Enquirer: 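Quick one: the structure is below, questions incoming.
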Amino acid sequence: MGDYGIKISKPGQEVDSPVSDATAKDFAMLDASESPKVYYKGFATGGSYTHSLGSLPLFFAFEVDSATAPTYFEYVNDAYATTTELTDLPDPAYIIIFYDSV
Amino acid sequence: MADYGFKISRPGVDVRTAETKDLLFHSEYPLLKLKQSGSVSLTFTDTGSADTATVSHGLGYEPRILAYSQIYDPFADDFYSGYRMIPHFKRNMSGLIYMSYSFENSTTQVTFRAETEGGDSSQHTVVMYYFIFYDEE
């Protein structure tokens, strides 16, 4: 396979500039660097959410006042991640789980 | 330089008229770009003596970091094998019971830190996992 790729610079940055540890931050997207990919975003009820990633994911959890028409979102850091689920979530909660994991 | 850019819309949305929230990508709003991820292990005694672990990134600026940790909770005297986002702090009014799971960012490295006091006074080991991005803090 040929040496193809894609890179997109931030506004005002020259896209042809070389990519290095020092300059990677100046690009909006680089194929050489993974960006978080959403696995699930939405509401969770019952205080837990089962995922099937099999690894520890990057995630965020928020307390909400409704699972259908929330009027507020409040970040919480009491939720736990395991390789199979998020637990100790507020009920209801709004969660964002990414494919990116350790 | 000419005013070029790049946008990708959600399926069914006209990219030329889409609101930013309906775009999957917009070059004015950079994606987080992962530099490295991994885990560290810290062992500490529940008497206020902290353990630290450092991870070098060598970027020359403070990068954006997301990290999660197992938790020994001296308030509940319980160990949680799941992972909570850090920093994570808790302290009672007298300060005699507290827990602190955190990281400190610098231009060259990240220092992870775990410290608790007021629980069962025994030794605990927690694992923290982290994501370091090229994007600046």
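The figures that follow rest on heavy atoms only: side chains count, while hydrogens, waters and symmetry mates do not. Note that the structure is predicted; figures quoted are calculated from it, not measured. Reminder, nothing fancy here: chain letters follow the sequence lines and each chain counts from 1.
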Enquirer: Honestly curious: do B/Ile8 and A/Ile6 fall in one hydrophobic cluster under the side-chain, below-4.5 Å linking rule?
Expert: yes
Enquirer: Might you confirm whether atom CD of B/Glu104 has over 12 heavy atoms from other residues, nucleotides or ligands at distances under 6.0 Å?
Expert: no
Enquirer: With a 4.5 Å heavy-atom cut-off (strictly below), which parts of residues 58-69 of chain B touch chain A? List them by number.
Expert: B/Leu59, B/Tyr61, B/Leu66, B/Tyr68
Enquirer: Please classify the contact of A/Phe98 with chain B as side chain, backbone, both or neither, using a heavy-atom distance under 4.5 Å.
Expert: neither
Enquirer: Can you tell me how far apart OG (A/Ser20) and OH (B/Tyr134) are? Round to the nearest 0.5 Å.
Expert: 8.5 Å
Enquirer: Residue by residue, scan residues 75-82 of chain B and write down, ordered by number, those that have a heavy-atom distance under 4.5 Å to chain A; if none do, write 'none'.
Expert: B/Tyr80, B/Gly82
Enquirer: What part of A/Leu56 gets within 4.5 angstrom of chain B, counting heavy atoms only: side chain, backbone, both, or neither?
Expert: both
Enquirer: Heavy atom to heavy atom, less than 4.5 Å: which residues from residues 30-55 of chain B reach chain A?
Expert: B/Pro30, B/Leu31, B/Leu32, B/Lys33, B/Leu34, B/Lys35, B/Ser37, B/Gly38
Enquirer: Decide whether A/Val102 and A/Phe60 are clustered together by the hydrophobic rule: side chain heavy atoms of Ile, Leu, Val, Met, Phe, Trp, Tyr closer than 4.5 Å, transitively.
Expert: yes
Enquirer: What residues of residues 76-88 of chain A make heavy-atom contacts with chain B at a cutoff under 4.5 angstrom?
Expert: A/Asn77, A/Asp78, A/Ala79, A/Tyr80, A/Ala81, A/Thr82
Enquirer: Does the side chain of B/Tyr129 come within less than 4.5 Å of A/Pro57's, by heavy atoms?
Expert: yes
Enquirer: How many angstroms lie between OG in A/Ser101 and CZ in B/Phe131, if you round to the nearest 0.5 Å?
Expert: 6.5 Å
Enquirer: Does a sphere of radius 6.0 Å around CD in B/Glu19 hold more than 12 heavy atoms from other residues, nucleotides or ligands, not counting ones at 6.0 Å or beyond?
Expert: no
Enquirer: Looking at B/His57, B/Gln70, B/His26, B/Met85, which makes the most heavy-atom pairs under 4.5 Å with chain A?
Expert: B/Met85
Enquirer: If you group Ile, Leu, Val, Met, Phe, Trp and Tyr by side-chain heavy-atom gaps below 4.5 Å, do A/Val19 and A/Val15 land in one group?
Expert: yes
Enquirer: Starting from A/Val38, can I reach B/Leu23 by hopping between I/L/V/M/F/W/Y residues whose side chains sit under 4.5 Å apart?
Expert: no
Enquirer: Please look at B/Phe133 and chain A and tell me whether the side chain, the backbone, both or neither of the residue comes under 4.5 angstrom of a heavy atom of that chain.
Expert: side chain
Enquirer: If you compare all heavy atoms of A/Pro11 against all heavy atoms of B/Ser27, which two are closest, and at what distance to 0.1 Å?
Expert: CD-O, 3.4 Å
Enquirer: Mind checking the OH-NZ spacing from B/Tyr29 to A/Lys10? Nearest 0.5 Å is all I need.
Expert: 13.0 Å
Enquirer: Same cluster for B/Ile86 and B/Tyr98 if Ile/Leu/Val/Met/Phe/Trp/Tyr side chains link at under 4.5 Å?
Expert: no
